[in-house]
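Residues take their numbers from the sequence shown, with the count starting at 1. Just so it is clear, the model here is predicted, and its values are computed rather than measured.
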Amino acid sequence: MKLYLMALSAGLLVGVIYSLLNIRSPAPPIVALIGLLGILAGEQIVPVAKRLMAGEKLSLGWLRSECGEHVFGALPARTALNDRASDSGGTPS
(Lines give C-alpha, C1' and ligand atoms only; values in the text may rest on other atoms or scores of the structure.)
Protein backbone atom coordinates (compact mmCIF):
# COMPACT_ATOMS: atom_id res chain seq x y z
CA MET A 1 0.00 0.00 0.00
CA LYS A 2 2.87 2.32 0.82
CA LEU A 3 4.23 1.88 -2.70
CA TYR A 4 0.90 2.86 -4.24
CA LEU A 5 0.66 5.95 -2.05
CA MET A 6 4.21 6.93 -2.95
CA ALA A 7 3.41 6.48 -6.65
CA LEU A 8 0.26 8.59 -6.29
CA SER A 9 2.19 11.28 -4.40
CA ALA A 10 4.90 11.37 -7.04
CA GLY A 11 2.27 11.62 -9.76
CA LEU A 12 0.53 14.47 -7.96
CA LEU A 13 3.83 16.31 -7.57
CA VAL A 14 4.67 15.91 -11.25
CA GLY A 15 1.15 17.02 -12.18
CA VAL A 16 1.52 20.19 -10.11
CA ILE A 17 4.89 20.91 -11.74
CA TYR A 18 3.41 20.35 -15.21
CA SER A 19 0.53 22.68 -14.37
CA LEU A 20 2.86 25.39 -13.08
CA LEU A 21 4.90 25.14 -16.29
CA ASN A 22 1.72 25.10 -18.46
CA ILE A 23 2.69 21.76 -19.98
CA ARG A 24 0.10 19.17 -20.94
CA SER A 25 0.87 15.81 -19.43
CA PRO A 26 1.51 12.89 -21.77
CA ALA A 27 -0.61 10.71 -19.46
CA PRO A 28 -3.60 9.03 -21.10
CA PRO A 29 -7.07 10.37 -20.34
CA ILE A 30 -9.11 8.68 -17.61
CA VAL A 31 -11.25 6.85 -20.16
CA ALA A 32 -8.12 5.07 -21.43
CA LEU A 33 -7.10 4.16 -17.88
CA ILE A 34 -10.55 2.70 -17.26
CA GLY A 35 -10.16 0.69 -20.46
CA LEU A 36 -6.85 -0.67 -19.18
CA LEU A 37 -8.52 -1.62 -15.91
CA GLY A 38 -11.16 -3.45 -17.93
CA ILE A 39 -8.45 -5.34 -19.80
CA LEU A 40 -6.81 -6.41 -16.55
CA ALA A 41 -10.13 -7.51 -15.06
CA GLY A 42 -11.17 -9.24 -18.28
CA GLU A 43 -7.94 -11.24 -18.38
CA GLN A 44 -8.95 -12.81 -15.09
CA ILE A 45 -12.23 -14.16 -16.45
CA VAL A 46 -10.61 -16.93 -18.52
CA PRO A 47 -8.58 -18.59 -15.72
CA VAL A 48 -11.54 -18.35 -13.35
CA ALA A 49 -13.87 -19.85 -15.97
CA LYS A 50 -11.38 -22.65 -16.72
CA ARG A 51 -11.13 -23.50 -13.04
CA LEU A 52 -14.90 -23.51 -12.62
CA MET A 53 -15.39 -25.63 -15.76
CA ALA A 54 -12.84 -28.11 -14.40
CA GLY A 55 -15.07 -28.48 -11.35
CA GLU A 56 -12.60 -26.91 -8.96
CA LYS A 57 -13.67 -24.43 -6.33
CA LEU A 58 -12.38 -20.90 -6.18
CA SER A 59 -10.46 -20.13 -3.05
CA LEU A 60 -9.27 -16.79 -1.80
CA GLY A 61 -5.67 -18.03 -1.85
CA TRP A 62 -5.97 -19.10 -5.47
CA LEU A 63 -7.54 -15.79 -6.47
CA ARG A 64 -4.78 -13.88 -4.71
CA SER A 65 -1.98 -15.89 -6.27
CA GLU A 66 -3.39 -16.27 -9.79
CA CYS A 67 -5.33 -13.04 -10.24
CA GLY A 68 -4.29 -10.58 -7.56
CA GLU A 69 -0.63 -10.40 -8.40
CA HIS A 70 -1.36 -9.91 -12.08
CA VAL A 71 -3.85 -7.12 -11.47
CA PHE A 72 -2.07 -5.32 -8.66
CA GLY A 73 1.48 -6.35 -9.53
CA ALA A 74 4.02 -7.96 -7.28
CA LEU A 75 5.40 -5.46 -4.84
CA PRO A 76 9.19 -5.06 -4.84
CA ALA A 77 9.52 -6.66 -1.40
CA ARG A 78 7.67 -9.76 -2.56
CA THR A 79 9.78 -9.94 -5.72
CA ALA A 80 12.97 -9.73 -3.66
CA LEU A 81 11.72 -12.52 -1.40
CA ASN A 82 10.92 -14.73 -4.39
CA ASP A 83 14.32 -14.03 -5.93
CA ARG A 84 16.11 -14.95 -2.70
CA ALA A 85 14.02 -18.07 -2.30
CA SER A 86 14.70 -19.21 -5.87
CA ASP A 87 18.44 -18.54 -5.42
CA SER A 88 18.51 -20.69 -2.28
CA GLY A 89 16.16 -23.33 -3.69
CA GLY A 90 13.51 -22.72 -1.01
CA THR A 91 10.09 -21.17 -0.96
CA PRO A 92 9.43 -17.58 0.08
CA SER A 93 8.02 -17.08 3.54
Over all atoms of both residues, closest heavy-atom pair of Gln44 and Glu66: OE1-O, 3.8 Å
Step by step, would you call Leu8 with Tyr4 a side-chain contact (heavy atoms from CB on, under 4.5 Å)? CA-CA 6 Å; Leu8 179 62; Tyr4 295 111; over 6 Å; no
Is it true that [X] and [Y] fall in one hydrophobic cluster, defined by side-chain heavy atoms closer than 4.5 Å?
X: Leu36; Y: Ile30; value: yes
X: Ile45; Y: Leu37; value: no
X: Ile39; Y: Val31; value: no

OG of Ser19 to CG of Leu12, rounded to nearest 0.5 Å, is 12.0 Å
Rounded to the nearest 0.5 Å, what separates atom CG in Leu58 from atom CG in Leu52? 4.5 Å
Strictly by salt bridge (Lys or Arg N to Asp or Glu O under 4.0 Å), give each pair with a member in residues 39-51 just once, sequence neighbours left out. Arg51-Glu56
Are Leu20 and Ile17 close enough, and set up right, to give a side-chain contact (heavy atoms from CB on, under 4.5 Å), and what steps lead you there? CA-CA 5 Å; Leu20 291 173; Ile17 292 170; 5.5 Å; no
Pairs meeting criterion side-chain hydrogen bond (donor to acceptor under 3.5 Å, both in side chains) with involvement of residues 24-42, two or more places apart: none
Set out, in order, the CA-CA distance, both residues' side-chain angles and the distance that settles side-chain contact (heavy atoms from CB on, under 4.5 Å) for Trp62 and Val48, then state yes or no. CA-CA 10 Å; Trp62 184 85; Val48 169; 3.9 Å; yes
